[in-house]
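Note on naming: letters A, B, ... go to the chains in the order of the sequence lines (proteins, then strands), and numbering restarts at 1 for each one.
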Amino acid sequence: MRVSHLVGKTLRETPRDATLTSHIFLLRGAYVRQVASGIYSLLPIARRITAKIERIIREEMDRIGGQEILMPVVMPRELWEESGRYYSIGDEMVRFKDRSDNDLLLGMTHEEPAVQIVRSEVESYKQLPVMVYQIQTKFRDEPRARGGLIRVREFTMKDAYSFHTSQEDLEEYYSKVHEAYVRIFKRAGLRRVVDVSADTGIMGGGVSHEFMLVTPAGEDTLLLCPHCGYRANKEVAYTNLPEEPEEPKPLEKVATPEQKTIEEVASFLGVPHSKTAKAVFFVHSDKGLVFVLIRGDLEVNETKLRKVLGPGELRPAHDEEIEEAGAVPGYASPVGLDTSKFTLVVDRSVTVVNNLVTGANEEGYHLVGFNVERDLGEVEPADVASVRQGDPCPLCGQPLNMERGIEIGNIFQLGTKYSEPMGCTYLDNDGKKKPMIMGCYGIGVGRLLASVIEESHDDYGPIWPISIAPWQVQICAIDQKKEGVGDTAARLHRELEAAGIEVLWDDRNEKAGVQFADADLRGIPIRLVVSKKTLKNGGVEFSLRGSKDREIWPIDEVLPKVRQTIEKLEAELLP
RNA sequence: CGGGGCGUAGCGCAGUCUGGUAGCGCGCCUGCUUUGGGAGCAGGAUGCCGGAGGUUCGAGUCCUCUCGCCCCGACCA
């Protein structure tokens, strides 16, 4: 391929809309162009990369017995009514009508059609397990797209669905997919990928893991234990706060004029934040007012709280709603309130310590000597607190590290969440119909591409791993009109391509600086420079993207040396 | 959905307060010179100033409405 005819011009300056590294290089290097918020076209250079990523994914899915299929993007309402998700998913799913007034939707995940296929094509336990997968477009009307390809509305995803006769079989397969994912990310050149325990969100089901690229650019927060390897998304991470029992003191009302926040109250009374219990109020569409009692030094984790409360919308409560329940904003506690007026959620954190400060439900007063068990009676403590940097690991007690991560893949054990309502059954060897046990597994292709840039770049552009590089070799020819320069470049281009090597030749009559800058933006691993100078020195100059080392290679040795270099680079990425 | 910012040439921006024939840099086209980290000179093309209403003799600029994009948060396989 010649640069002079390559579609996509590089940009010298950073477009205003880009702030994230990968987004900046994706635009400057002419990888993508935005069509609308969260909707992008891929230009040739990016499409070449995603094609390679997809090939790696295919190979690894096929290795574990996957069968590639292709399901539609547009589906009828009826199919999604079967699982109930037509109603449980909100505005994230795009719905519309066709000319006959039928309700249609754009697929954002494909459990329903996958189940539809398998329930009619697979009938016997003898055929199980099976796994089908596809690499296909998804549309999710995200409330906020961001960061170039990191969070988009339309994207390509590999999604896989497995079907089993037992939980044990699912678990065994789940770990195979887990291994396949590790191989995929390794082969794609990602280094800092970790799997973390995760929330299941709209997918439902039981166990799930997310594969996260650890990077400050990530949207998710992870808690990682450097000691024992405990790893979890903040949404599900938990900790065991140490118990600090004290002799219970009597409950007493004290005046705390104008002291409303935990900050103010704690310093006014001279106690640490961890010796206070604060009230946080929400309104849940199903449960009404929710009163969360949590230690003053902790934050309520809404994802965890949602799980405790069950399905429905959750939002912070207004002051009027709090007052209606008899609580006084700024001075609230459940003590002495009619608990039938709200749903009380007591976080575990307030049960491991005694003698807390909490609100007196009276303007200007707090209670001291508050002891949950004694003063509230029987309460079932829940875990709704966010884990913090340095909190003890729930497994080994060592302090946890907090990091950011980009979710590039996830795997779920779904159980019978879809097979049961949708009648996806098989005949077992005892002659009985049983629902299949399911798993599902996703990888975002475009996000993976952007993640590689986040992890592998320098000031000048991406540094592509050879496995997914748009081309393997970049030829820069400086002053091509000079004796031998243009001819040599053309010959190298011809010979390397004939040998099956992917070559991008900058055949423009641009100055060295321009060619090098563009080559850096394209991030191609092997760079060959042909110029008057290199010819005088006996050949072409070889260098690796991201390295300062330079070598002169005689023209006749270029092909074998390129082959050798590619092999060496590929070997580094073997799982 | 809440908060903030921005829409002027392909890209980056000035001009808007204080209304008077739309500018700069880069890129693009032509020619010459140049060719190892984003060259020089000369000439040239490019704008529904996001859109619609309004005020005015006159609107990129003032007023009203509207659409879009980005960032933070909420939200989120």
ask   = Less than 3.5 Å between a donor and an acceptor, one on the side chain of A/D479 and one on the base of B/G36, is that the case here?
value = no
query = According to the interplanar angle, ranging from 0 to 90°, do the rings of A/H178 and A/H209 count as parallel (below 30°), tilted (30 to 60°) or perpendicular (above 60°)?
reply = perpendicular
request  = Once you apply the 3.5 Å cut-off to both distances, tell me the Watson-Crick or G-U wobble partner of B/U18, or none.
outcome  = none
task = Flag the pair A/Y133 / A/Y161 as yes when their ring centroid distance falls below 6.0 Å, and as no otherwise.
result = no
ask   = Hey, is the side chain of A/Q34 poking within less than 4.0 Å of OP1 or OP2 on B/C70, counting only N and O atoms?
value = yes
remark   = In Watson-Crick or G-U wobble terms, with both distances under 3.5 Å, the base opposite B/C41 is B/G31
remark   = Judged by nearest nucleotide, the residue sitting upstream toward the 5' end of RNA chain B, A/E541 or A/R306, is A/E541
key: Contact under 4.0 Å: A/R146 side-chain N or O vs B/C72 OP1/OP2   = yes
request  = Hunt down the Watson-Crick or G-U wobble partner of B/G12, both distances under 3.5 Å, from any strand shown, or write none.
outcome  = B/C24
key: Base-pairing mate for B/C69 - Watson-Crick or G-U, with both contacts under 3.5 Å   = B/G5
query = So does A/E13 reach the base of B/G25 with its side chain, donor to acceptor, closer than 3.5 Å?
reply = yes
key: Parallel, tilted or perpendicular, as decided by the 30° and 60° cut-offs, for the rings of A/Y40 and A/H23   = perpendicular
task = Report the C-alpha distance between A/H164 and A/Y173 in whole Å, list the side-chain angles of each, state the deciding distance to 0.1 Å, and finish with yes or no for ring pair (Phe, Tyr, Trp, His ring centres under 6.0 Å).
result = CA-CA 9 Å; A/H164 309 267; A/Y173 196 75; 5.5 Å; yes
key: Complementary nucleotide of B/U64, counting Watson-Crick and G-U pairs under 3.5 Å   = B/A52
ask   = Looking for any heavy atom pair under 4.0 Å, which part of the strands does A/R447 touch: base, sugar-phosphate only, or nothing?
value = nothing
inquiry  = Please report the distance, rounded to the nearest Å, between CZ in A/R508 and C1' in B/G36.
reply    = 15 Å
ask   = Given B/C6, is OP1 or OP2 found less than 4.0 Å from the side-chain N or O atoms of A/R16?
value = no
inquiry  = Does A/R144 reach a base, just sugar-phosphate, or nothing at all? Heavy atoms under 4.0 Å.
reply    = base
inquiry  = Tell me the interatomic distance from A/K482, atom NZ, to B/U34, atom P, rounded to whole angstroms.
reply    = 8 Å
request  = Please check the phosphate of B/G68 (OP1 and OP2 only) for any side-chain N or O of A/S37 closer than 4.0 Å.
outcome  = no
